Amino acid sequence: MLVVSKFGGTSMGDAAAMKKSAEVCLEHHSSVVVVSATSGTTDRLIEIAKAASKGELELCDTIIFNLKERHTSLLKQVAPMSEEAASLLQQNFTELDLLVQNLTLLKELTPRAYDHMLSLGERISSLIFREVLRKEAPHKEIVLLDARSVLKTDSHFGQAAPLIDLMASECKNKMTITENKIYVTQGFIGSDIQGNTTILGRGGSDYSAALFAEALDATCLEIWTDVPGIATTDPRICKEAKIIPELAYQEAGEMAQYGAKILHPATISPAVRKSIPVFVGSTFAKDEPGTWIRRTVEFRPPVRAITKRSAQGLVTVTTPNMYNASGFMGSIFDIFAKHRVSVDCVTTSEISVAITVDHATLENIKFIEDLKKVGNLEIEKGFSLISLIGNELYRRSNLAKTIFGTMDEAKIRMMSLGASPYNFNFLVKEDEANICIQKLHQTLIEAIR
Ligand code: ADP
Ligand code: ASP
Ligand code: MG
């Protein structure tokens, strides 16, 4: 048995949460523990990076002071006597100071520096969490593993892609799994062939854990977070949301892709490749049944869940040349692939293609410039993409009628049904999204429970 367990930011949030996380590790016989930065820390590091590159030293100092206070006091609570941990913590903050000095001097934030800066959150939380595990399991060997020594990626900073075979051989060379040993390592971070630090994209710790599970042929991947499993919709949007006991890989993959923040979109692929079952549960309610994600599940309802992706833009590319012209779509999708932008929801007419993208992607000037070369560009902002996730959705009679009927006056700007049997997407104004989800949840999920 080889269990890889991942703990999110809230599970690392304070000394009590860390203790609970350690209890879960021991109860579940985890061999590899992948941790996120403490809650909010990655956001703070982004603020520091931006402020430093604008030369706003005072703002940087304030945020760094608070981060240092928080983590020093956390370490003092969990391991007041560990000089080794105190010195490692100090080294990380010295590195942060150095990075800030460089950025303020150069007034430029390179993608490489950005990734390096963001890696500090996970590096700090992992060294503190190792001390908690040491205390809770004095009979075990607790090894702090630098994820960058094994999780090898390409050099696409900000959203690096893992080099799966290389990672597998690095893990086999550098890790020996025994019953008496627990590896504590960082989620979210890796390094390229040259040794530069890279990150896998926001929320990437889930993906890291899945990659470790794949590389080590784990028997189970556990994602421990702040909700007791994957629910029929985000419980923050709809309090009637219910935990789903069992999900198929496809369903969970679609949910993650279409905005269920509980899983990073790429988490499921490594598990699928090695048929590793995935468990999702809450560190704070560890005895609840949680959600199991497997290849096959007994019950596959037509509508399983509703997800939301916020801050969506709609990019419409129009060309008069599309009549009888081949290659127009291909050139657009090539641009998306070149810039690693996923095509989530797309509709086409004879002369135009409309594709949803995250607002953040619209800030990528090179991406926009490339699209402009293909046709006229219209950009609209302020939408949410709502997705119904289920099974054989296009066979469900009256689904569109039910959706339109339920949502009354909310305007659907665009919709897409039929390409995948697992989802039905539509774009609505951001401020109408939550109410739409609540109504749809009532009609399509609660009413037929
Ligand atoms: P972590 O830091 O542990 O990775 P995240 O904040 O990334 O935690 O993900 C957990 C959050 O995902 C929950 O607090 C919840 O608000 C949100 N979420 C979104 N959709 C769902 C869903 N369908 N089921 C459960 N949680 C969801
Ligand atoms: N700390 C990283 C983030 O906030 C990765 C993660 O938590 O999964 O995006
Ligand atoms: Mg997360």
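Keep in mind it's a predicted model, so treat the numbers as computed, not measured. All ligand and atom numbering here is 1-based and tracks the order in the structure.
Below 3.5 Å of separation, one finds an N or O of Gly203 facing an N or O of ligand 2.
Set against the non-hydrogen atoms of Glu122, the atoms of ligand 2 under 4.0 Å away are 1 (N), 2 (C), 5 (C). Near Thr42, the atoms of ligand 2 lying under 4.0 angstrom from a non-hydrogen atom of the residue are 1 (N), 2 (C), 3 (C), 4 (O). Below 4.0 Å from some heavy atom of Val227 lie the following atoms of ligand 1, by number and element: 13 (C), 14 (O), 25 (C), 26 (N). Atoms of ligand 2 lying under 4.0 Å from at least one heavy atom of Ser205, given by number and element, are 5 (C), 6 (C), 7 (O), 8 (O). Atoms of ligand 2 found under 4.0 Å from any heavy atom of Ser36, numbered from 1 in the order shown, are 6 (C), 7 (O), 8 (O). The ligand atoms of ligand 1 that sit less than 4.0 angstrom from a heavy atom of Ile230 are 24 (N). Here is the list of ligand 1 atoms found below 4.0 Å of a heavy atom in Met255: 23 (N). Distances below 4.0 Å separate heavy atoms of Arg202 from the following atoms of ligand 2: 3 (C), 4 (O), 9 (O). Near Gly229, the atoms of ligand 1 lying under 4.0 angstrom from a non-hydrogen atom of the residue are 25 (C). Which parts of ligand 1 touch Ala260 is read off a 4.0 Å heavy-atom cut-off, strictly below it: atoms 20 (N).
Using a 30° and 60° split on the angle between ring planes, Phe93 and His71 fall in the tilted class, from 30° to 60°.
Ionic pairing of Asp154 and Arg340 is present here: one or more N-O contacts between side-chain nitrogen and carboxylate oxygen are shorter than 4.0 angstrom. The existence of a salt bridge linking Asp43 and Arg202 is confirmed by a sub-4.0 Å separation between a basic side-chain nitrogen and an acidic carboxylate oxygen. Look at Lys135 and Glu131 and you find no salt bridge, because none of the NZ, NE, NH1 or NH2 atoms lies under 4.0 Å from a carboxylate O. Between Lys429 and Asp431 there is no salt bridge, since no side-chain nitrogen of the basic residue lies less than 4.0 Å from a carboxylate oxygen of the acidic one.
For Glu254 and Tyr422, the side-chain atoms include no donor-acceptor pair closer than 3.5 Å.
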Subject >> Worked verdict on Thr153 versus Thr198 for side-chain hydrogen bond (donor to acceptor under 3.5 Å, both in side chains) >> reply: CA-CA 7 Å; Thr153 70; Thr198 53; 2.8 Å; yes
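The only member of Ile223, Thr267, Asp206 that meets side-chain contact (heavy atoms from CB on, under 4.5 Å) when paired with Val278 is Ile223. For the side-chain contact (heavy atoms from CB on, under 4.5 Å) test with Thr291, the passing option among Leu263, Ile243, Val227 is Ile243; the others fail. The side-chain contact (heavy atoms from CB on, under 4.5 Å) test with Leu166 is passed by exactly one of Ile193, Leu151, Val150: Ile193.
Given atom 4 (O) of ligand 1, the protein heavy atom at minimum distance is Lys6 NZ, 2.9 Å. Among protein heavy atoms, atom 12 (O) of ligand 1 sits closest to Ile262 N, 3.4 Å. The closest protein non-hydrogen atom to atom 2 (O) of ligand 1 is Gly9 N, 3.1 Å. Annotation: atom 11 (C) of ligand 1 to nearest protein heavy atom, Asp226 OD1, 4.0 Å. With respect to atom 1 (P) of ligand 1, the closest heavy atom belonging to the protein is Thr225 OG1, 3.6 Å.
At a 4.0 Å heavy-atom cut-off, ligand 1 touches Pro235 through the side chain alone. Contacts between Thr233 and ligand 1, counted as non-hydrogen atom pairs separated by less than 4.0 Å, involve the backbone only. Under 4.0 angstrom from ligand 1, there are no non-hydrogen atoms of Lys242.
For NZ of Lys274, the number of neighbouring non-hydrogen atoms (other residues, nucleotides, ligands) closer than 6.0 Å is greater than 12. The number of heavy atoms from other shown groups lying within 6.0 Å of CZ (Arg112) does not exceed 12.
Rounding to the nearest 0.5 Å gives a distance of 5.5 Å between NZ of Lys6 and OG of Ser205.
For the ring pair (Phe, Tyr, Trp, His ring centres under 6.0 Å) test, residues two or more places apart in sequence or in another chain that qualify with Phe279 are Trp224, Trp292.
Around atom 24 (N) of ligand 1, the closest heavy atom drawn from Gly204, Ala231, Gly13, Ser39 belongs to Ala231. With distances taken over non-hydrogen atoms, the option nearest atom 15 (C) of ligand 1 out of Asp234, Thr38, Ile237 is Asp234. Between the choices His264, Met12, Lys261, Arg236, the shortest heavy-atom distance to atom 16 (O) of ligand 1 belongs to Arg236.
Residue-ligand proximity: Gly8 is placed with every non-hydrogen atom at 4.0 Å or more from ligand 2. Contact between Lys308 and ligand 1 is absent, with no heavy atom of the residue lying under 4.0 Å from the ligand. Within the 4.0 Å heavy-atom cutoff, Gly204 counts among the residues contacting ligand 2.
Using a 4.5 Å cut-off on side-chain heavy atoms (C-beta onward), Arg309 and Cys345 make no contact.
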